[in-house]
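Predicted model, so just to flag it, every value in this text is computed and none were measured.
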Amino acid sequence: MAPSPTGSIHIGNARTALYNYLLARQCEGTFVLRIEDTSRERSTPEFEQAVLDGLGWLGMDWDEGPNAGGDYGPYRQSERLATHKEWLEKLTAAGHTYRCFCTREELAEDRKVAQKEDRAPKYSGKCRDLDANEVDARLEAGEEAALRFRVEPRAVTFDDLILGQLEEDAGLWGDFIVGRSDGTPVYNFAVVVDDHLMAITDVVRGGDHISNTFKQIVMYEALGLAPPRFGHMPLTLNAKRQKLSKRDDSVAVEEYREQGYLPAAVVNFIALLGWNPGDERELFTMDELIETFRIERVTKSNAIFDFDRLDWFNGTYIRQLEVAELARLAKPFIEAAGLTIPDEDYLERAVALEQERIKRLADFPEALRFFLVEEVTPDMKFLVKKNGTTEETAAALSTVFELVQDFGVDDMAAMEENLRAMAEALGWKAGELFMPIRVAITGSKASPPLFDTMRVLGRARVLSRLRDAMRMLAKDAQDAAYGQSN
RNA sequence: GGCGCAUUCGUCUAGUGGCCCAGGACAUCGCCCUCUCAAGGCGAAGAUCGCGGGUUCGAAUCCCGCAUGCGCUACCA
């Protein structure tokens, strides 16, 4: 896996990383992490750390990498410059390169003309056959020159792990640059050198690299090296069917963590985005993925990222968690929202009631708010009994208040029995009585089951909220009376 | 423009010549359960398998053409 640290890890890269990881683990190979930071301006140590964190969070551990060591380091491309240059010289010694004095401006102009004339924008070959003496003289004179690879026209083919037999005509390329005029090698060459030196056997990367691969294969051959196996993954697209971009999509793995997605859910989801086991299973742990993943079963077509499906996976994983564990995970989200948690036990009991109602950990603050806050503000519209009056609702709540006062809140069966009896005596449906109580104590018309909620909230809090609600109703009745008399 | 890859329900996908007038999952809708919301159970709707030609007794599956989408086309990675 060779990510560029130009941002926190991208969900599309994460999927590529996952497939690499699964492949490496299932054949008991080595999962190598190499940081491709040759783009100095865009790469930062912070981003590199973010990439490492993201991978780690998802549960992918690498055997070799910047902070893991290994026999083939360094694992940061920027630290391998000397080696790359060495190999550039080997390539030159073998007669595969030549100096090109064309300026960027000239090249850009050629491209423009070519485009205008509907020709492929391929290098003219202007400097290909320059006289050796002339080259030396111009170099001597301080003229800048890039190093180009001599391309011999022919069909280049390879057997892709995912896509099958692939072929491209090298005659279409023109000689491409392998060394910049400042002497630094180009990414596509550095990759060849590194993959070889690091004894990489399988390269799985995004389909946007296919055209690079053809060129790499030619370079391997020029260096007398055997290329590794290549596999090109379909891309993940956004709802607009474009390659996911950092600009307009939620794409950083970091963001998923912040929104309260579980790593296991994210892994399960991205694993199934472009791969399936061939039967109808869809819930997989990492170990199960390692066992059942087959690269040949990776889909060839691009996939659109479906957030609803991710949510579903996340919900099912949340429901599978032990309550204590879920509470532990929820805690930082709740605290970040500025809510205070009285004690662990209380939190756990509240979390247990919301567990099957939540999709993301970030939903917890909102869902648990009424458990953690002193007062609640019921909406009058729902506090009053459906098709009923404020007076009769107030009267009913008052009776409930007494019941809670007398019997407490811990015996749910008794509470339910009492309230149902009360509803019947009133000639109300049970729900018609339960709803005002629910709204009074939770401030919302949607909540966990009423009696569980009351028990977790505790007698004192239930009583004070009932009292507040009764006051609200009384005030409302008063206002209405004034309104009538005026 | 050139080159490459792809094309099955809205989405992820199963499918490799007859088991497919196409199966599963998410989302949607309905019913059940039920004190609300969920969760769960059951069910419905949803794909003339991009289009057009072939090959074949028979094609989503094989062949050809076209269309569309995406990617690449840098002294970026």
Using residues 202-210 of chain A as the side-chain source, report each donor-acceptor pair under 3.5 Å to any protein atom, sequence neighbours left out, with the distance given to one decimal.
{"residue": "Asp202(A)", "atom": "OD1", "partner": "Arg229(A)", "partner atom": "NH2", "Å": "3.1"}
{"residue": "Asp202(A)", "atom": "OD2", "partner": "Arg229(A)", "partner atom": "NE", "Å": "2.7"}
{"residue": "Asp202(A)", "atom": "OD2", "partner": "Arg229(A)", "partner atom": "NH2", "Å": "3.4"}
{"residue": "Arg205(A)", "atom": "NH1", "partner": "Thr213(A)", "partner atom": "OG1", "Å": "2.7"}
{"residue": "Arg205(A)", "atom": "NH2", "partner": "Gln216(A)", "partner atom": "OE1", "Å": "3.2"}
{"residue": "Asp208(A)", "atom": "OD2", "partner": "Lys243(A)", "partner atom": "NZ", "Å": "3.3"}
{"residue": "His209(A)", "atom": "ND1", "partner": "Asn212(A)", "partner atom": "ND2", "Å": "3.2"}

Exercise. Taking protein heavy atoms under 4.0 Å as touching, what does nucleotides 4-9 of chain B look like 5' to 3' if B marks base contact, S marks sugar-phosphate-only contact and - marks none?
Worked result: SSSS--
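- An OP1 or OP2 oxygen of U13(B) is reached within less than 4.0 angstrom by no side-chain nitrogen or oxygen of Arg281(A).
- Note: CH2 (Trp173(A)) to C1' (G1(B)) measures 19 Å, nearest angstrom.
- Counting atom types as modelled, Ser447(A) pairs no side-chain N or O with a base atom of C37(B) as donor and acceptor under 3.5 Å.
- One interatomic measurement links the two molecules: CH2 of Trp312(A) to C1' of U13(B), which rounds to 13 Å at whole-angstrom precision.
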Pairs under 3.5 angstrom, nitrogen or oxygen only, protein versus nucleotides 41-47 of chain B, please.
none

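- Across the protein-nucleic acid pair, Leu426(A) atom CG and C35(B) atom C1' stand 15 Å apart, rounded to whole Å.
- Using a 30° and 60° split on the angle between ring planes, Phe434(A) and Phe451(A) fall in the perpendicular class, above 60°.
- In Glu366(A), the CD atom is not crowded: 12 or fewer heavy atoms of neighbouring residues, nucleotides or ligands sit closer than 6.0 Å.
- Considering only side-chain N and O atoms, Arg319(A) lies under 4.0 angstrom from the phosphate OP1 or OP2 of G40(B).
- Taken residue by residue, residues 448-455 of chain A places heavy atoms nearer than 4.0 Å to RNA chain B at Pro448(A), Pro449(A), Leu450(A), Phe451(A).
- When rounded to the nearest whole Å, the span between CG of Leu88(A) and C1' of C75(B) equals 12 Å.
- Rounded to an integer number of Å, the gap from Leu273(A) CG to A25(B) C1' is 13 Å.
- For A77(B), the base has a donor-acceptor partner in the side chain of Asn212(A) [N/O atoms by modelled type, under 3.5 angstrom].
- Applying the ring-ring contact (aromatic ring centres under 6.0 Å, His included) criterion to Phe230(A), with sequence neighbours excluded, gives Phe158(A).
- Within the structure, salt bridge (charged side-chain N to carboxylate O under 4.0 Å, His left out) contacts touching residues 165-182 of chain A (residues at least two apart or in different chains) are Arg128(A)-Asp175(A).
- Distances shown here put every side-chain N or O of Arg104(A) at or beyond 4.0 Å from the OP1 or OP2 atom of A74(B).
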